[in-house]
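All remarks here apply to the structure that follows.
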There are 2 protein chains.
Amino acid sequence: MADQRDAADPGKPRVRGLRERKKQRTRNALLRVALELFTTQGYERTTVDEIADAVDVSQRTFFRYFSSKEEVAFTVVSMAEARFLDAVRARPADEGPLTALRNAVILAWDSVGEAIEAVVPMELHMRTYRMIESTPALLAVHLRRSTEVEDALAAVVAEREGLDVDEDPRPRIAVAAFGGVMRLTGRMWGQREDASLPAIRELTVHCLDQLGPALAGNWRRPDGDHGGTTGSGSGVPDRGQSPPHLP
Amino acid sequence: MADQRDAADPGKPRVRGLRERKKQRTRNALLRVALELFTTQGYERTTVDEIADAVDVSQRTFFRYFSSKEEVAFTVVSMAEARFLDAVRARPADEGPLTALRNAVILAWDSVGEAIEAVVPMELHMRTYRMIESTPALLAVHLRRSTEVEDALAAVVAEREGLDVDEDPRPRIAVAAFGGVMRLTGRMWGQREDASLPAIRELTVHCLDQLGPALAGNWRRPDGDHGGTTGSGSGVPDRGQSPPHLP
DNA sequence: AGATTAGTGTCAGTGGCTGACACTTGACGA
DNA sequence: TCGTCAAGTGTCAGCCACTGACACTAATCT
């Protein structure tokens with residue numbers, strides 16, 4: 001989104017005026033205080049007035065920095081999402097869709113880690129993530145935001161494969177399945193003790209590796225492996241006809 | 001949820017008192033008026049006062065029937081979800097997970113249709129669904145509700161297969177992938193002209209049938225048709241190793 | 001008919017969020 | 001250096017979703 005450096009910019013004086021710095025400081029203070037309060041008292045039990053008072057600005061000012069109470073909760077998550085999207089776009093064109101997604105998500109964790117740490121301590125972000133997952137109102141928004149990412153993702157995948165997103169449903173379907181697994185991963189991450197970067201990566205890989213098997217026929221035989229899961233009309237009623245006994 | 005008939009109850013006098021009937025009438029009036037206003041003026045531009053006034057009750061009364069403005073928008077959707085869950089539970093035990101889900105969703109549409117029509121005209125419900133999909137605040141809630149359904153679904157699937165939902169991730173993953181496709185289907189339905197029951201069924205089947213292929217290796221070959229879509233490790237990257245060149 | 005109680009209206013108050021307007025304080029040219 | 005300009009902020013008034021408390025009306029029960 002907003003890039004730090006300007007066109008004519010030598011060394012690294014990212015200061016660009018007192019005004020700018022003050023703004024940055026206020027914004028960051030609001031962000032940290034908000035997340036701190038959210039994660040300790042709970043999201044609903046924290047009022048915007050409280051956050052504003054703690055930073056010693058008016059409520060009105062809070063809303064000039066963040067368009068809503070929700071937005072501040074997702075500030076850091078947004079950054080991570082943007083990084084991931086970039087990572088997918090950077091994948092070599094010869095990788096298949098799911099391979100590219102998979103590799104991107106694995107690699108992105110590092111870059112994401114840095115970016116986060118530059119704004120809030122990693123530990124605070126993890127607490128925030130857990131809070132989002134366990135607060136219904138925020139979880140709802142989180143899921144909607146995720147589908148927006150998935151939309152962008154589908155567009156990228158479609159272009160890589162030379163398809164039209166609105167013609168061929170496969171990009172969207174693949175991304176939807178992938179997204180489902182990623183959300184599940186996120187949830188498991190939130191419940192875990194070990195939230196280190198390697199652990200996250202491993203968990204991600206583990207879950208993604210089971211996407212294929214999970215969709216294969218029956219699971220009772222350890223590795224029964226039937227040809228077509230749903231595609232080939234093996235155990236499936238043909239063409240949506242012949243509904244077995246009505247209820 | 002609330003069942004209509006009592007223990008000792010002959011013919012079909014579902015009246016059980018004037019009070020009860022009045023309540024039912026008020027609730028239904030609030031529901032219809034709300035959906036009508038939402039779909040014509042938009043959700044955000046409709047105030048609870050407006051709804052209450054139109055039914056000639058106080059705002060306070062509205063909130064005694066519906067715990068929030070959102071809830072009234074999802075009343076009918078809830079019913080449909082409940083029907084679908086029942087349909088899955090009713091599937092014979094010998095069907096595989098995805099087959100059962102697929103057959104259930106196909107069959108459920110009929111039963112769902114009746115149930116809806118008993119409360120609001122089908123046409124109003126369809127407009128409502130479109131509104132939910134196109135109103136960010138409602139879409140968010142819709143997605144969260146969907147994941148709750150998916151959770152219940154995962155539990156059912158796990159039990160059918162004799163697995164523990166918290167041990168084996170496959171039920172959740174399969175349901176997540178399925179859910180992703182269903183959400184996509186819902187979205188496509190909302191955008192379509194033809195919203196008839198057969199059309200919905202066909203669309204559903206079509207999308208579900210592509211879940212397997214979409215996850216299979218590469219799509220550039222028109223019908224590479226790998227025997228085991230994803231089950232056989234054909235197009236799927238091998239075991240999560242070898243992340244290509246680091247950034 | 002009278003006692004009971006479910007259902008409702010009224011009122012006052014909280015919290016998220018917005019528009020309008022006046023004031024303070026960095027930025028910048030003369 | 002000083003005044004001008006405008007960005008950033010505080011204050012105030014107000015809308016809307018939602019809630020608790022309490023009094024009142026009317027269906028139900030005895």
Side-chain angles (χ1 to χ4, degrees), chain A residues 2 6 8 13-31 33-35 37-38 41-75 131-132 135-138 140-141, chain B residues 2 6 8-9 13-31 33-35 37-38 41-75 132 135-138 140-141:
Chain A
D6 217 356
R14 61 175 59 181
V15 282
R16 220 164 58 226
L18 175 62
R19 229 169 186 143
E20 207 75 7
R21 263 178 292 147
K22 252 187 165 176
K23 247 196 335 183
Q24 205 61 34
R25 236 185 306 135
T26 306
R27 185 189 156 85
N28 198 263
L30 283 170
L31 176 58
V33 167
L35 297 187
L37 288 175
F38 288 167
Q41 313 181 334
Y43 177 75
E44 331 257 21
R45 278 185 302 274
T46 305
T47 69
V48 174
D49 282 311
E50 227 172 327
I51 301 168
D53 287 352
V55 181
D56 220 73
V57 295
S58 71
Q59 193 212 49
R60 196 69 185 78
T61 292
F62 173 94
F63 283 110
R64 287 197 178 102
Y65 281 99
F66 301 97
S67 64
S68 70
K69 188 181 163 188
E70 272 160 15
E71 193 188 294
V72 65
F74 288 98
T75 305
M131 177 208 62
I132 290 174
T135 306
L138 293 182
V141 174
Chain B
D6 217 357
D9 195 8
R14 62 173 59 180
V15 282
R16 227 177 40 239
L18 175 62
R19 230 169 199 161
E20 207 77 7
R21 262 176 295 148
K22 255 186 163 174
K23 246 193 340 178
Q24 204 62 32
R25 235 184 307 134
T26 306
R27 184 188 156 86
N28 197 265
L30 282 171
L31 176 59
V33 167
L35 297 188
L37 288 174
F38 288 167
Q41 313 181 336
Y43 177 74
E44 332 256 21
R45 276 185 303 272
T46 304
T47 70
V48 174
D49 281 309
E50 225 172 328
I51 301 168
D53 286 351
V55 181
D56 220 70
V57 297
S58 70
Q59 192 212 48
R60 197 69 185 81
T61 293
F62 173 93
F63 283 111
R64 285 200 253 260
Y65 281 98
F66 301 96
S67 64
S68 70
K69 187 180 163 189
E70 270 160 17
E71 194 188 293
V72 66
F74 288 99
T75 305
I132 290 174
T135 305
L138 293 182
V141 174

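Owing to the predicted nature of the structure, the values given are computational and were not obtained by experimental measurement. A note on names: the letters A, B, ... follow the listed sequences, proteins ahead of strands, and every chain is numbered from 1.
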Quick tally for nucleotides 24-30 of chain C: nucleotides whose base has a protein heavy atom under 4.0 Å get B, sugar-phosphate-only ones S, the rest -, giving -BBS---
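- Nearest heavy atoms, A:Ser68 versus A:Phe63: CA-CE2, 4.1 Å.
- For A:Thr47 and B:Thr26, each mapped to the nucleotide of DNA chain C holding its nearest heavy atom, the one lying further toward the 5' end belongs to B:Thr26.
- First and last contacts of DNA chain D with chain A, using any nucleotide atom under 4.0 Å from a protein heavy atom and ordered 5' to 3', fall at D:dA6 to D:dT11.
- Using a 4.5 Å cut-off on side-chain heavy atoms (C-beta onward), B:Leu31 and B:Tyr65 make no contact.
- Protein atom OH of A:Tyr43 is 11 Å distant from nucleotide atom C1' of C:dG15, rounded to whole Å.
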Working note: A:Leu37 + A:Ile51, criterion side chain to side chain contact (heavy atoms under 4.5 Å, CB included); need CA distance, chi angles, decisive distance, verdict. CA-CA 8 Å; A:Leu37 288 175; A:Ile51 301 168; 4.0 Å; yes
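- For B:Thr46 and A:Asp56, each mapped to the nucleotide of DNA chain D holding its nearest heavy atom, the one lying further toward the 5' end belongs to A:Asp56.
- The structure places CG of B:Leu35 at 8.5 Å from CD1 of B:Ile132, a figure rounded to the nearest 0.5 Å.
- Contact annotation for A:Thr61: backbone-only contact, meaning every heavy-atom pair under 4.0 Å involves sugar-phosphate atoms and none involves a base.
- Across the protein-nucleic acid pair, A:Gln59 atom CD and C:dG19 atom C1' stand 13 Å apart, rounded to whole Å.
- Taking only distance into account, the side chain of A:Arg60 meets the base of C:dG19 through a donor-acceptor pair shorter than 3.5 Å.
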Check against side chain to side chain contact (heavy atoms under 4.5 Å, CB included), B:Gln24 and B:Arg21: CA-CA 5 Å; B:Gln24 204 62 32; B:Arg21 262 176 295 148; 5.6 Å; no
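- Between the CZ atom in B:Phe74 and the CG atom in B:Leu138 there is a gap of 5.0 Å [rounded to 0.5 Å].
- Near DNA chain D, meaning a heavy atom under 4.0 Å away, the residues from residues 62-71 of chain B are B:Phe63, B:Ser67, B:Ser68, B:Lys69.
- For A:Ala34 against A:Val72, the heavy-atom pair with the smallest separation is CB-CG2, 3.8 Å.
- As a whole-Å value, the separation of B:Arg21 CZ from C:dG7 P is 14 Å.
- Tested against A:Ser67 for a side-chain hydrogen bond (donor to acceptor under 3.5 Å, both in side chains), the candidates A:Glu71, A:Arg64, A:Lys69 yield a single pass: A:Glu71.
- Test B:Asp53, B:Thr26, B:Val48 against B:Phe62 for side-chain contact (heavy atoms from CB on, under 4.5 Å) and you get one pass: B:Val48.
- Closest approach of A:Met131 and A:Thr135 over heavy atoms only: O-OG1, 2.8 Å.
- Of all the heavy atoms in B:Gln41 and B:Thr46, the pair that sits closest is OE1-OG1, 3.2 Å.
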